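One structure below.
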Amino acid sequence: MRSFAEIQAFEESFELFSLPRIRVIGKEVRNGGALGNTAPALWDEVFSSGAHEVLKGLPQVLKDADYGWTCEFDAKTDTFVYMVCVITPENTPVPGGFTYRDYPETVCAKGLYGESVMQTVERAKELGYVPNWKLCGWNAELYLSAEEKKPPKECKEPWHWLVPVKKKEE
């Protein structure tokens with residue numbers, strides 16, 4: 001199994017990667033439910049405020065990547081935290097004005113460009129893996145800079161889904 005840091009743009013195969021202990025650093029909003037989709041406004045703010053340059057200056061586990069990180073789902077309000085962020089090594093200092101989450105080591109499924117999160121989950125199941133949301137309660141949209149500049153294809157979801165997974169217990 002390759003390291004998460006070895007992910008390359010334009011790879012067209014589904015794969016599982018070893019993701020080390022990480023710190024996710026970025027800007028966040030509550031999203032979904034009665035709030036609606038607040039993510040586009042957050043992306044706009046991150047790029048227009050200079051926050052993106054700060055994030056790009058941090059050490060990163062995978063170079064030239066941005067993430068739309070989803071975590072902390074609240075079933076009562078049907079909302080979740082959405083972060084525009086980067087994945088950094090554990091214990092990376094957090095710049096002022098940014099938020100962070102720390103996560104343990106896990107196996108991570110990287111979906112195909114343009115496929116839904118459920119397609120990524122199904123592909124993992126075909127390999128004997130299931131979501132590891134109890135240990136790692138997140139999913140993420142992976143945006144690779146090279147693919148952002150030259151998208152491999154037109155699609156509804158122009159990114160790769162990342163899903164933490166574990167071996168299915170028999």
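These figures come from a predicted structure and were not determined experimentally.
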Item to complete: State whether a side-chain donor-acceptor pair under 3.5 Å links Tyr82 with Glu72.
Response: no
Under 4.0 Å between a Lys/Arg side-chain N and an Asp/Glu carboxylate O for [X] and [Y]?
X: Glu15; Y: Arg2; value: yes
X: Glu53; Y: Lys56; value: no
X: Glu115; Y: Lys110; value: no

Do [X] and [Y] have side chains that approach each other closer than 4.5 Å (heavy atoms only, starting at C-beta)?
X: Leu58; Y: Pro95; answer: yes
X: Trp138; Y: Thr70; answer: no
X: Arg123; Y: Leu112; answer: yes
X: Pro104; Y: Cys136; answer: yes
X: Ile25; Y: Leu55; answer: yes
X: Phe73; Y: Asp78; answer: yes
X: Asp66; Y: Val84; answer: no
X: Ile22; Y: Thr88; answer: no

Fill in: Ring centre gap for Trp161 and Phe14 strictly below 6.0 Å
no
Discussion item. In this structure, is the centre-to-centre distance between the rings of Tyr103 and Trp69 below 6.0 Å?
Written reply: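 Between Trp69 and Tyr103, the centre distance is under 6.0 Å.
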Is it true that a side-chain atom of [X] and a backbone atom of [Y] form a donor plus acceptor pair closer than 3.5 Å?
X: Glu147; Y: Leu144; answer: no
X: His52; Y: Val46; answer: no
X: Asn31; Y: Val81; answer: no

Rounded at 0.5 Å granularity, tell me how far [atom1] in [X] sits from [atom2] in [Y].
X: Asp102; Y: Glu90; atom1: CG; atom2: CD; answer: 8.0 Å
X: Ile7; Y: Lys63; atom1: CD1; atom2: NZ; answer: 14.0 Å
X: Cys108; Y: Phe4; atom1: SG; atom2: CZ; answer: 5.5 Å

List the atom of [X], the atom of [Y], and the distance in Å for their closest heavy-atom pair.
X: Pro152; Y: Tyr113; result: CD-CZ, 3.4 Å
X: Thr79; Y: Gly32; result: CG2-O, 3.4 Å
X: Pro20; Y: Ser18; result: CD-O, 3.8 Å

Item to complete: Answer yes or no: are there more than 12 heavy-atom neighbours, outside Lys153 itself, under 6.0 Å from its atom NZ?
Response: yes
Worksheet item: Honestly, is Lys168 close enough over Tyr129, meaning NZ or CZ under 6.0 Å from the six-membered ring centre and within 45° of the axis?
Response: no
